[in-house]
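Reviewing the structure listed below.
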Amino acid sequence: MESLREEASCSICLDYFIDPVTIDCGHNFCRSCITRAWEGLDTNFPCPKCRETSQQRKLRPNWELRNLIERVKKMSERKGEETLCQKHEEKLKLFCTEDWKAICLICKEGKEHRSHSVVPLEEAVQDYKCETAIKREKILSEFEELHQFLNEEQQIHLSRLEEEEKKIVKKIRDNVSQLEEQSSSLQKLISEIEEKCQQPAVELLKDAKATLSRCQAVEFPKPEAAPVGEGKCSHLSFLRQYFVLKDVLAKHQGKLSAELVDVTLDPETANPWLVLSEDGKSVRQGGRSQNLPDSPQRFDTYVNVLGREGFTSGRHYWEVEVGDKTDWILGVCKDSVSRKGKFTLTPENGFWAVILRDGEYKACTSLWSQLPLSVRPRAMGILLDYQAGKVSFYDADEKSHLFTFTHTFTEKLRPYFYPGLNTGGKNAGALRIRSVPAWE
């Protein structure tokens, strides 16, 4: 089925052929796809796949291929109606609780599962949902208790700080009053001395001794420092309690936080038609194919490029600006995915991605799932939780969740980018990896 699906897919839109046509070099495309690719050309029509050019615009309907597509679609629909055991082609009706896998009735009687405990598949699903709900409620309860604890501690410390602030303000005011009184006394003494200096010598010397005695008696007391650590609410005590609270909060937040990844593009994987910025942060399709070495790492058919970074553990988050582009694909893929020839973007082939094409957003699941979005995202956020086996996509500006893939990862994963074809200049913009402030 996978091989037939690939043969029945257009290399431009990566979907089943719609009204397939054949061009001079023998390759097939959707009529609308090749028409958009040749828009604005009067001669030298290039094949998007092999780059061979033809002088005339010839599109021959391929009726045999159209019939093949209808058969593939029907087979795919029948196969999707039920999941069968790969070994016995029987319905998967049981769940082995020891191996944690779905099995058929024939598997149950086989040597591998004969002595194992099994339950009906529907019962196993309900048990799992129940267990998940219990764990969810437990986590919510723990965080609610922590939130209440922090609120109470906040109120206690704010109250203590308010009392301490009142003491400090009172002491400062007392100091100011004391200085103002001292300043007033000094000003009076200065004025008195200045007046005496204007009097005749006889009058000046009359009370000179008394005046000098008053000057020598003047003291300049240093203002007492305002209290900053009295009783139970001393700064040392407060700091100790603050760091204890910080450690408690950090343990819980560590479960939710993700590392902000500084993703850069890997030029060794870039298709020759792609143009990368010098800082490795943006990519777009260029106007011609570059003369680059055809290494095993480089994509040769589709205009793809990977990020330099590889992940085998942890939680990692990055954002990509898509702006007004009309065609793009973003996500993650296995480091071992095929770089040559045609392939289909599905989890089975090692891709977990979201695509925009023909105005529709889709998650690249086995049969591609449409995402009904009310707001057009201008930036996408991608969160990889390796241990949990999840790849989630977000509208980075609206902070809204769009879709989550679930899988068990066993290989290195890398960021995946497809800026789309620049059809008639309508998709000329670049995909740009943007920095995310740590506080977000």
Side-chain angles (χ1 to χ4, degrees), residues 11-14 36-37 46 48-51 259-311 316-343 345 349-357 364 377-384 391 393 396-397 412-436:
S11 61
I12 296 179
C13 67
L14 306 181
R36 286 198 303 270
K49 189 169 183 181
C50 68
R51 298 303 168 186
E259 176 190 358
L260 296 176
V261 186
D262 185 17
V263 174
T264 54
L265 302 171
D266 185 357
E268 298 297 324
T269 66
N271 180 281
W273 281 82
L274 293 180
V275 177
L276 276 60
S277 62
E278 292 185 3
D279 61 358
K281 293 294 184 181
S282 69
V283 58
R284 61 181 176 82
Q285 186 200 353
R288 59 184 179 82
S289 177
Q290 304 174 73
N291 186 17
L292 300 175
D294 185 18
S295 67
Q297 299 298 318
R298 191 178 305 283
F299 289 95
D300 64 353
T301 300
Y302 299 135
V303 288
N304 297 333
V305 63
L306 301 183
R308 290 180 184 272
E309 295 69 26
F311 310 114
H316 310 278
Y317 179 77
W318 62 96
E319 292 182 355
V320 182
E321 294 178 356
V322 298
D324 295 324
K325 289 181 65 62
T326 59
D327 184 12
W328 51 259
I329 308 174
L330 292 171
V332 300
C333 68
K334 293 181 180 178
D335 186 38
S336 61
V337 295
S338 173
R339 316 287 173 86
K340 308 300 180 183
K342 298 190 301 181
F343 48 80
L345 294 178
N349 290 338
F351 294 88
W352 295 269
V354 166
I355 182 174
L356 167 61
R357 181 155 298 159
C364 298
R378 298 184 63 84
M380 296 290 291
I382 302 167
L383 174 63
L384 166 63
V391 181
F393 294 83
D397 294 332
K412 180 189 292 186
L413 303 180
R414 296 176 66 177
Y416 169 81
F417 304 85
Y418 170 84
L421 300 176
N422 181 12
T423 306
K426 297 180 180 179
N427 193 42
L431 294 176
R432 301 183 187 278
I433 304 167
R434 71 180 185 185
S435 59
V436 183

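Since the model is a prediction, treat every value here as computed from it, not as a measurement.
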Apply side-chain contact (heavy atoms from CB on, under 4.5 Å) to the pair Gln285 and Val275, showing each step before the final yes or no. CA-CA 6 Å; Gln285 186 200 353; Val275 177; over 6 Å; no

Which is it for Tyr416 and Asn304 under the side-chain hydrogen bond (donor to acceptor under 3.5 Å, both in side chains) test, yes or no, and what are the steps along the way? CA-CA 7 Å; Tyr416 169 81; Asn304 297 333; 2.9 Å; yes

Between Trp318 and Val436, is the side-chain contact (heavy atoms from CB on, under 4.5 Å) condition met? List the steps. CA-CA 7 Å; Trp318 62 96; Val436 183; over 6 Å; no

Given the rule in the side-chain contact (heavy atoms from CB on, under 4.5 Å) test, do Arg378 and Asp324 qualify, once you have shown the distances and angles that lead to the verdict? CA-CA 7 Å; Arg378 298 184 63 84; Asp324 295 324; 2.5 Å; yes

Worked verdict on Lys334 versus Lys412 for side-chain contact (heavy atoms from CB on, under 4.5 Å): CA-CA 6 Å; Lys334 293 181 180 178; Lys412 180 189 292 186; over 6 Å; no

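In plain terms, the two heavy atoms of Pro267 and Leu276 that are nearest each other are CA-CD2, 3.9 Å. Closest approach of Val354 and Trp328 over heavy atoms only: O-CZ3, 3.6 Å. The heavy-atom pair separating Ile329 from Ala353 by the smallest distance is CG2-CB, 3.7 Å. The shortest non-hydrogen separation linking Pro293 to Arg298 is O-NE, 2.9 Å. Taking each heavy atom of Ala396 and Tyr317 in turn, the nearest pair found is CB-OH, 4.3 Å. Smallest separation of non-hydrogen atoms from Val263 and Glu309: CA-OE1, 3.4 Å.
Proximity of Leu384 to Phe311: side-chain heavy atoms (C-beta onward) are separated by under 4.5 Å at one or more points. At a threshold of 4.5 Å between non-hydrogen side-chain atoms, the residues Cys13 and Arg357 count as touching. Between Leu14 and Leu345 there is a side-chain heavy-atom pair separated by less than 4.5 Å. Here the side chains of Leu330 and Ile382 are in contact, with some heavy-atom distance below 4.5 Å. The shortest distance between side-chain heavy atoms of Leu421 and Val303 falls below 4.5 Å. The side-chain heavy atoms of Lys49 and Lys342, taken from C-beta on, include a pair separated by under 4.5 Å. With a 4.5 Å cut-off on side-chain heavy atoms, Tyr302 and Ser11 count as touching.
One distance of note links OG of Ser277 with CG of Leu431; it measures 11.0 Å at 0.5 Å rounding. Rounding to the nearest 0.5 Å gives a distance of 11.0 Å between SG of Cys333 and CG of Asn349.
Crowding of Arg51 atom CZ: a count of heavy atoms from other residues, nucleotides or ligands under 6.0 Å exceeding 12. Around the CZ atom of Arg432, the shell of radius 6.0 Å holds no more than 12 heavy atoms that belong to other residues, nucleotides or ligands.
No donor-acceptor pair closer than 3.5 Å links the side chain of Glu319 to the backbone N or O of Gly381. Without hydrogens or angle criteria, Glu268 side chain to Gln297 main chain gives no donor-acceptor distance under 3.5 Å. One N or O on the side chain of Thr269 and one on the backbone of Leu306 form a donor-acceptor pair closer than 3.5 Å. In this structure a side-chain-to-backbone donor-acceptor pair under 3.5 Å is present from Asn427 to Pro419. The closest donor-acceptor contact from the side chain of Lys325 to the backbone of Gly429 lies under 3.5 Å.
Sorted pairs that involve residues 262-301 and meet ring-ring contact (aromatic ring centres under 6.0 Å, His included), not counting sequence neighbours, are lacking altogether.
Taking 4.0 Å as the cut-off between side-chain N and carboxylate O, Arg414 and Asp266 count as a salt-bridged pair. A salt bridge does not link Asp262 with Arg308: none of the charged nitrogens is closer than 4.0 Å to a carboxylate oxygen.
Taking the six-membered ring where the residue is Trp, Phe351 and Phe343 present parallel rings, their angle staying beneath 30° rather than reaching 60°.
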